[in-house]
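Throughout, a chain's letter reflects where its sequence line sits, starting with A, and its residues are numbered from 1. What you are looking at is a predicted structure, and each value in this text was computed from that prediction instead of being measured.
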Amino acid sequence: MAKQYWLLKTEPTAYSIDDMKRDGKTQWTGVRNYQARNTLRDLMKKGDLALFYHSSSDVTGIVGTCEITSDALPDPTAWDSKDSHYDAKSSPANPIWYCREVKFKQKFKQPISLSDLRNIKGLEKMVVLQKGSRLSVQPVTEKEWELITKQAK
DNA sequence: GCCAACGTTGGC
DNA sequence: GCCAACGTTGGC
């Protein structure tokens, strides 16, 4: 099957593109929304690429790219009672939440802000640009991926 | 800080 | 199964 594209949202105060660049790779944990969980667990494939999105920051928008480098794994932060994403209903025997290993690919020289994105013809239907879009793991079409990565050069 | 949009919870 | 109340997200 052809490579697919995604968008991963994060608040840079929690985990930024610079953190990811420093770490090289990370476990993408803490997703606690069923639709995002289903995408993460069922739809993604190892080798897929994703846009890295900063929300609630001085520049909200796409700041780089990364690659999905594992199959779906149970999210261990769900059964860590000290973790802010702890969920007592999840257990190692019966995990509810899942995560992926994600590898750093590139940091854009210039972030592509939300208003930049709105000005690019062809991105009108992009999920993150829809009113009230709160999904933290979203699908991105190949066309959208190409328009954005081309813009980043 | 405001508030719209959305998801979840729980009483009935 | 409905829906009001509540909590959270996230742009502005």
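Of the residues in residues 107-121 of chain A, those with a non-hydrogen atom less than 4.0 angstrom from any atom of DNA chain C are Leu114(A), Arg118(A). Listed by residue number, the members of residues 128-135 of chain A with any heavy atom below 4.0 angstrom from DNA chain B are Lys131(A), Gly132(A), Arg134(A).
Remark: the backbone N or O of Thr29(A) is not paired with any side-chain donor or acceptor of Thr77(A) at under 3.5 angstrom. Side chain of Glu124(A) to backbone of Gly122(A): a donor-acceptor contact under 3.5 angstrom is found.
For Trp97(A), the side-chain hydrogen bond (donor to acceptor under 3.5 Å, both in side chains) partners two or more places apart in sequence, or in a different chain, are Asp87(A).
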N/O donor-acceptor pairs under 3.5 Å from side chains in residues 43-51 of chain A, not counting sequence neighbours:
{"unit_1": "Lys45(A)", "atom_1": "NZ", "unit_2": "Ala2(A)", "atom_2": "O", "d": "3.3"}
{"unit_1": "Lys45(A)", "atom_1": "NZ", "unit_2": "Gln4(A)", "atom_2": "OE1", "d": "3.2"}
{"unit_1": "Lys45(A)", "atom_1": "NZ", "unit_2": "Asp48(A)", "atom_2": "OD1", "d": "3.3"}
{"unit_1": "Asp48(A)", "atom_1": "OD1", "unit_2": "Gln4(A)", "atom_2": "N", "d": "3.0"}
{"unit_1": "Asp48(A)", "atom_1": "OD2", "unit_2": "Trp6(A)", "atom_2": "NE1", "d": "3.0"}
{"unit_1": "Asp48(A)", "atom_1": "OD2", "unit_2": "Lys45(A)", "atom_2": "N", "d": "2.9"}

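Interface limits on DNA chain C: the 5'-most and 3'-most nucleotides within less than 4.0 Å of chain A heavy atoms are dG7(C) to dC12(C).
The salt bridge (charged side-chain N to carboxylate O under 4.0 Å, His left out) pairs that include a residue from residues 73-85 of chain A are Arg32(A)-Asp75(A), Asp80(A)-Lys82(A), where partners are two or more places apart or lie in different chains.
With salt bridges taken as basic N to acidic carboxylate O contacts below 4.0 Å, none links Lys21(A) and Asp18(A).
With a 4.5 Å cut-off on side-chain heavy atoms, Pro74(A) and Trp79(A) count as touching.
Ring-plane geometry between Tyr15(A) and Phe52(A) is classed as tilted, the angle between the planes lying from 30 to 60 degrees on a 0 to 90 degree scale.
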Could you give me the CA-CA distance, side-chain angles and deciding distance for Glu101(A) and Thr69(A), then say whether side chain to side chain donor-acceptor pair (under 3.5 Å) is met?
CA-CA 5 Å; Glu101(A) 185 185 84; Thr69(A) 51; 3.0 Å; yes
Quick one: do Gln138(A) and Leu8(A) satisfy side-chain contact (heavy atoms from CB on, under 4.5 Å)? Show the steps, please.
CA-CA 7 Å; Gln138(A) 306 181 356; Leu8(A) 297 176; over 6 Å; no
